[in-house]
Amino acid sequence: MTLLRPVRGTLAVAVVLQALAAALTVIPLIMVSEIGMVLLDRSSDTTVWPSVAVGVAATIAALLLSAAANLMSHLADNRLQHHLRGGMAERLSRVPLGRLLADGPTRFGKVLHDDVHSLHHLVAHALLDIVSLVVTPLTALVYLLLIDWRLALISMIPLLLGVVLFARAMSGSADQFADYARAQQEINAGVSEFVDGIAVVKTFGAHRRAHRRFLAAADAFHDFFSTWAGRTTTITAASQSVVSAPAVLILVMCAGAVMIIAGWMPAAAIVPFALLAPPLAAPMATIGTRLQNLRGGMSAARAVTELLNEPVLPAPSGPGRIEGTEVRVKEVSFAYRADADDVLRGVSLDLRPGTVTALVGPSGAGKSTLAMLVARFHDVTAGSITLGGTDVRDLDTTTLYRNIGFVFQDVALLRTSVLENIRLGRPEATEAEVRAAAEAARIHERILAAPRGYDSVIGTELRLSGGEAQRLSIARALLADTPLLILDEATALADPHAEAQIQDALSALTAHRTLLVIAHRLSTITRADQILVLDEGRVVERGRHDDLLAARGRYARMWQAQQRPASVPDPIRVAAPGSAQADEELST
Ligand code: ADP
C-alpha cells in the first residue's frame, strides 16, 4: 500500500470504473432472462424491444468502461514504474559501492527488472481482475435473490462447496510453495553451473558430474511435484468440478424443477437461474491462478520496498574541501557486517603524492578491502581515512572520484559505444582526447578494427577479450586523469603478448600519479616507495623491497617462493578457461 501511494487516486478511479463495467456485464444476461420470461408467459403482451435496447446499451457501456479502467490502470502502472525505478536508481546511487559489487547483478538486477515487471501484473491487471471476479457474481446474486431467494441460496451451494474444497487443497500450501521455489532454484543452479562452467567442466572431463547435479535437481523436482500433485489432484479436481457450469446447471435445474412442480415458483423463473447461476460460482475456477499472481506481486512489492530501504552511506552536508591529495589511513578496522569478524585491524598508512604503495599478502588478507575503503566503497568501522586532510566521509562523491580512480580486475563495460565507455569518468572530454587516451592504453588499433570504430557498441558490435577490456578500462582511467589511482594488478592471468601491452598501457597511466597497487607478483613492485605486507587484516611488515629482503621476514619468504618457478619455463602459466587468454581464444 505504501508503494502504491503515488498512484492511489488513479487506481481508485480505475477500480470504480471496472466495478461499474463488471456490474454492467450482467445486465445483458438479466435482459435475456427478462425477455425469456416475457416470451414464456403467453398471457403477457409486454414488448421486449426496450429490454433488447438496454442489453445492447449495457454491453457497449461495459466495454467502454472496462477499456477506460484498463487505460487508467496502465497509466497508473506506468507512472508507478517510473517513480519506483527513479527511486531505486536514486537509492542505489547512495548504497555503498562495495555492496553493489557484491550483490549487484544478482539481487539488484532481479528487483529492478523482474520484480518491477511482476508489479506491473499486479497493478495493471490483477487488481481489475479481482474487482470483476467479486462484482460480477454479486450483481448476479442480487438479481437472483429478487427473482426467488430460495433458489438463489441453492445456487450458492456450489460456490460454498468450492471454497471449502479449495481451502482444503491449499492447506499447508505456503510450505509447499516454498519447497516448490527451492526445488526450482536448485534446477536453475544446476543449469547455470553447467552452462557457465561449460569450458571448465569439459576440459576437466567433469561433464558427467555437472550433468549429474542438474539431473538430480530435475529428478528431485519431478518427485516433489508428483507427490504434491498426487496428494492434491483429487481435491483440486473436485473443487473445480463442483463449480463448473454443468454441475451448477444440473443442481439448479433439478432444484428449480422440483420447486416449479411444487408450485413454489412460476416455470419462467427458471430462465434467469439457467443463465446467471453458473457465473456465480465461476470465479472459483480461476481463483488459484489469481492467488498465485497476487502472491508473486506481493513478494515483488516486498523486494522493491526492501531495495528502497537499503542502507545508504551517510551523505556529507557540503562538497567538502581538500588541500592536496595525500591520503592518510589511520588505525582503520573494518568488518563487512556488524556480527562478522574484523577483516582489517588497526591498519595505518600514508599515500604521499607521487609515490607508489604496494599491498601484498596471501589471498584473503584484506588487500582489496583496504583499497576499497580508500575509495569509500564502504565506511570504516573504526579509525579514519582522509584525503587532502578531510575525512572521506565528509567529501561528496564528485570530489572523491575526481581525485581517486581505479582499475580493477573485473572490468565493467557498459552496453554502449566505445566512446561513451571511455569517457565515463569525464563526459565532457573531446573525441581527440578519448582517442589519445586509447592510443596511450594500446587499444586504439583494436577499436579502429571494429566496423564502426569508436561508435561501435560494446557487447554487440565489438566483443573484447579480457586483456582488451582491461586496456579499455585503463584508457578510461587515463582520461579521467585522477591524481590518485587504485590498481588491482590485473595482468596476472594475461598471456605474454597481452601482458606486454597492458604493462605499456599501465606505465602511461601510472606516470606522475599516486598509486596504490594490489600486487600479486612481487617482481612488478621492486621499485615501489613502500610495500605493505598484510596478513589476516594486519600490516605485518612494511618498507622498501631491498629493506624487506634484508629483514628476511615474511616478504623475503614470499619473494623466494615466487623466484623459483621463474627460472624454468612455467608450464602452469597457461591461462585457465575464463581468463583473458582463454577469452581471446574463444573470441577468435
Ligand atoms: P584479498 O584482497 O587480500 O584477497 P579481501 O580484501 O578480498 O582479501 O578479503 C578479506 C576478507 O574479507 C576475506 O576473508 C573475505 O572472505 C572477506 N570478504 C571480502 N569481500 C567480502 C564481502 N563482500 N562480504 C563479506 N566478506 C567479504
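Looking only at distances, a side-chain donor or acceptor of Ser118 sits under 3.5 Å from a matching main-chain atom of Asp114. The closest donor-acceptor contact from the side chain of Lys367 to the backbone of Pro362 lies under 3.5 Å. With hydrogens and angles ignored, the 3.5 Å screen pairs a side-chain donor or acceptor of Thr381 with a backbone N or O of Ala335. Checked by atom type and distance alone, the side chain of Arg435 never pairs as donor or acceptor with a backbone atom of His444 at under 3.5 Å. A donor-acceptor contact shorter than 3.5 Å is absent between the side chain of Ser417 and the backbone of Val457. Not a single donor-acceptor pair under 3.5 Å links the side chain of Lys110 to the backbone N or O of Asp115. Between the Asp394 side chain and the Thr390 main chain, no donor and acceptor come within less than 3.5 Å of each other.
Between the side chains of Thr430 and Glu433, at least one donor N or O lies within less than 3.5 Å of an accepting N or O. Counting only N and O atoms by type, the side chains of Asn78 and His120 include no donor and acceptor under 3.5 Å apart. A donor atom on one side chain and an acceptor atom on the other are found under 3.5 Å apart for Thr399 and Asp396.
The two residues Tyr401 and Thr482 have their closest heavy-atom pair at O-CG2, 3.5 Å. Residues Phe221 and Ile187 come closest through the heavy atom pair CB-CD1, 3.6 Å. When all heavy atoms of Ala519 and Ile525 are compared, the pair lying nearest together is CB-CG2, 3.7 Å. Minimum heavy-atom separation, Arg471 to Ile443: CB-CB, 4.1 Å. Closest of all the heavy-atom pairs between Arg91 and Leu307 is CG-O, 3.4 Å. The shortest heavy-atom contact between Leu373 and Phe334 is CD1-CB, 3.7 Å.
Annotation for Glu90: atom CD counts as buried by contact number, over 12 foreign heavy atoms lying within 6.0 Å. Counting heavy-atom neighbours within 6.0 Å of Arg295 CZ, excluding the residue itself, gives a total above 12. Atom CZ of Arg352 sits in a sparse spot, with 12 or fewer heavy atoms from other residues, nucleotides or ligands closer than 6.0 Å. Remark: Arg402 CZ is loosely packed, at most 12 non-hydrogen atoms of other residues, nucleotides or ligands lying under 6.0 Å away.
Residues passing the ring pair (Phe, Tyr, Trp, His ring centres under 6.0 Å) test with His121 are His125, sequence neighbours excluded.
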(message) Between Leu516 and Leu487, is the side chain to side chain contact (heavy atoms under 4.5 Å, CB included) condition met? List the steps.
(response) CA-CA 6 Å; Leu516 178 62; Leu487 199 68; over 6 Å; no

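Shown are Leu548, Val360, Asp535; of these, the side chain to side chain contact (heavy atoms under 4.5 Å, CB included) with Arg554 is made only by Asp535.
Here the CG-CG distance, from Asp391 to Asp379, works out to 8.0 Å after rounding to the nearest 0.5 Å. The CG atom of Leu359 sits 6.0 Å away from the CG atom of Leu532 when rounded to the nearest 0.5 Å. A distance of 12.0 Å separates OG in Ser333 from CG in Asp341, rounded to the nearest 0.5 Å. Atom OG of Ser473 and atom CG of Leu424 lie 11.0 Å apart (nearest 0.5 Å). A distance of 7.5 Å separates CG of Leu119 from CD of Gln81, quoted to the nearest 0.5 Å. Taking NE2 of His82 as the start and CG of Leu80 as the end, the distance is 11.0 Å to the nearest 0.5 Å.
When side chains are defined from C-beta on, Thr355 does not count as touching Leu515, because their heavy atoms never get closer than 4.5 Å. Proximity of Glu420 to Ile458: side-chain heavy atoms (C-beta onward) are nowhere separated by under 4.5 Å. Contact check for Leu419 versus Glu431: side-chain heavy atoms found under the 4.5 Å cut-off. With a 4.5 Å cut-off on side-chain heavy atoms, Val533 and Arg542 do not count as touching. In this structure, Leu484 and Val327 have side chains that are in contact, with non-hydrogen atoms separated by less than 4.5 Å. Between Arg521 and Gln562, the closest side-chain pair of non-hydrogen atoms falls below 4.5 Å. Two residues are said to be in side-chain contact when any heavy atoms from C-beta on lie closer than 4.5 Å; Arg393 and Pro314 fail this criterion. Using a 4.5 Å cut-off on side-chain heavy atoms (C-beta onward), Ile404 and Val374 make contact.
The aromatic rings of Phe225 and Tyr180 sit tilted, their planes meeting at an angle between 30° and 60°. Note on ring orientation: taking the six-membered ring where Trp is involved, the planes of Tyr555 and Trp559 are parallel (angle under 30°, cut-offs 30° and 60°).
Using a cutoff of 4.0 Å between basic side-chain nitrogens and carboxylate oxygens, Asp481 and Arg426 are not scored as salt-bridged. Salt-bridge check for Arg538 with Glu536: failed, with every basic side-chain N at 4.0 Å or more from each acidic carboxylate O. Between Arg544 and Asp547 there is no salt bridge, since no side-chain N of the basic residue sits under 4.0 Å from a carboxylate O of the acidic one.
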